[in-house]
Amino acid sequence: MKKKPAPNHLCVHAGELRDEVYGGATPPIYTSTAYDYRSEGTNLYPRYFNTPNQIALGEKIAALEHTEAGLIFGSGMAAISAVFMAFLKSGDHIIMQRAIYGGTAHFAAAEFHRVGIDYTLLEEITPENLEQAMKPETKMLYVETPSNPLLEITDLEVVSAFAKANSLKTVIDNTFASPINQNPADWGIDIIMHSATKYLGGHSDICAGTVCGSHDDMDRLWKTAKNYGGSLSDHTVWLLDRSIKTLGLRVKEQTKNAGELASWLDGLDCVARVNYPGLPNHKNHEVAKKQMHGYGGMLSFEFNEQVDPDAFLEHLEVIRPALSLAGVESIILSPALTSHSLLTPEQRAEQGISDRLLRFSCGIEEFEVLKTDIENAIEKSKKQ
Ligand SMILES: *Cc1c(COP(=O)(O)O)cnc(C)c1O
């Protein structure tokens, strides 16, 4: 059953923790780490993910992602690692998309072999490639779409059809799309994870993660997650809840900016290539159109020889060169110098990541402001 999408309503009201005492408009913060064990229900304790603020925010995320339940973690990686450890065991095999967040790829490389988990990285998720990668021990299929930094799209219908036919658990990192632009549960994906450090937080001041899915899956996750202890402080849970109230508004503006910037950049003489799933010339445009509500606030592009990219970054005045993404302020970075700096130039070239590539995270500033900033910086960094 498809739920009627009313994302702004859900952002404000889902999982609302009411101030029953004073009738205030905002939720109270329960910071206690010691609760009366004789009271009704389970023992409350922050590391058990069950304080009033944690429970309420879990319900909000679950509602936004059209799932039954959700848990809030201390970071995106705390969420991802708990998912792996909860659903995989020694001897299992997992198929992962190759173009995934660097921290997740590093987790696989550094931790899986230590606990006896085998994995295969797939260049492109197609039924043929999946068939080839399958082993009798395969238990999970892990994808991330849109991908970083080339904004490639994985077809979620293909993922869930293959997984259902082969009894695999499907997990998606939905960070780049946010629940506003993509709801993987509607395509049959089991477990949906976010780095809430990005769009959910949205102001570059919160580090957090979320996971949602069915009651059964979240119960399984909870049993493992409480052992690893990666819960989020109730102060930050409260701040994240406050931030999510404007998620729909922010992401709408960011998506609009990204669409307008992508089209404008694509028409410039000095731009060699623009990667944005909303552009009709993007290789996965049709799949993006099918499975996304909007094409997202992230894009990447390359100047040709006319513009020196380092000088360009120097001359930007509004847009800031910085790590991370998804805040209300526009930021830009070079993947070759940051997220993909540990790869050799050959490995980067193989993945289509040129040293000239720039990744752009659109903020909520007016398009004209961003355009003028980019125009001025281009003018000042043109090679003579
Ligand atoms: C940032 C990020 C993560 C990791 O999240 P943290 O909050 O930094 O732990 C995971 N996936 C994606 C796509 C990200 O951008």
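Model, not experiment: these values are computed from the prediction. If you read the sequence from its start, that first residue is 1, and numbering goes on from there. In what follows, every heavy atom counts, from backbone to side chain, and hydrogens, waters and symmetry copies are set aside.
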**Q** Do M193 and T175 come close enough that some side-chain heavy atom pair is under 4.5 Å?
**A**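 They are in contact (side-chain heavy atoms under 4.5 Å apart), so the answer is yes.
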**Q** Between Y101 and M77, is there a side-chain heavy-atom distance shorter than 4.5 Å?
**A**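 They are in contact (side-chain heavy atoms under 4.5 Å apart), so the answer is yes.
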**Q** Would you say the side chains of T255 and N181 form a donor-acceptor pair under 3.5 Å?
**A**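 The criterion, which ignores hydrogens and geometry beyond distance, is satisfied for N181 and T255.
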**Q** State plainly whether the residues K89 and D92 are in salt-bridge range, i.e. N to O under 4.0 Å.
**A**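 Between D92 and K89 there is a salt bridge, with a charged N closer than 4.0 Å to a carboxylate O.
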**Q** When you compare the side chain of L357 with that of R348, does any pair of heavy atoms fall below 4.5 Å?
**A**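 No. Closest side-chain heavy atoms not under 4.5 Å.
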**Q** Would a 4.5 Å heavy-atom cut-off, applied to side chains only, mark H194 and I192 as touching?
**A**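 Side-chain contact under 4.5 Å: yes.
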**Q** Knowing that exactly one of T51, T33, T31 qualifies, which makes a side chain to side chain donor-acceptor pair (under 3.5 Å) with D234?
**A**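 Considering T51, T33, T31, a side chain to side chain donor-acceptor pair (under 3.5 Å) with D234 is found only for T51.
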**Q** Can you spot which of Q291, Q97, E144 makes a side chain to side chain donor-acceptor pair (under 3.5 Å) with T154?
**A**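 So, applying the side chain to side chain donor-acceptor pair (under 3.5 Å) to T154 and each of Q291, Q97, E144, only Q97 qualifies.
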**Q** Less than 4.5 Å apart, any side-chain heavy atom of L249 and any of N8?
**A**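 When only atoms from C-beta onward are counted, N8 and L249 do touch, with a gap below 4.5 Å.
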**Q** Could you tell me whether the side chain of E314 reaches within less than 4.5 Å of the side chain of K380, counting heavy atoms only?
**A**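 Answer no - side chains too far apart.
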**Q** Looking at every heavy atom in both M292 and Q182, which two are closest together, and how far apart are they?
**A**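 Between these two residues, the closest heavy atoms are CG-OE1, 3.2 Å.
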**Q** Salt bridge between R18 and E16, side-chain N to carboxylate O under 4.0 Å?
**A**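 Salt bridge between R18 and E16, a charged N being under 4.0 Å from a carboxylate O: yes.
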**Q** Name all residues meeting the side-chain hydrogen bond (donor to acceptor under 3.5 Å, both in side chains) criterion together with E157; count only those two or more places apart in sequence or in a different chain, and write none if there are none.
**A**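 With sequence neighbours excluded, E157 shows a side-chain hydrogen bond (donor to acceptor under 3.5 Å, both in side chains) to K290, given in chain and number order.
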**Q** Counting C-beta onward and ignoring hydrogens, is there a side-chain heavy-atom pair between E305 and R356 closer than 4.5 Å?
**A**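 When only atoms from C-beta onward are counted, R356 and E305 do touch, with a gap below 4.5 Å.
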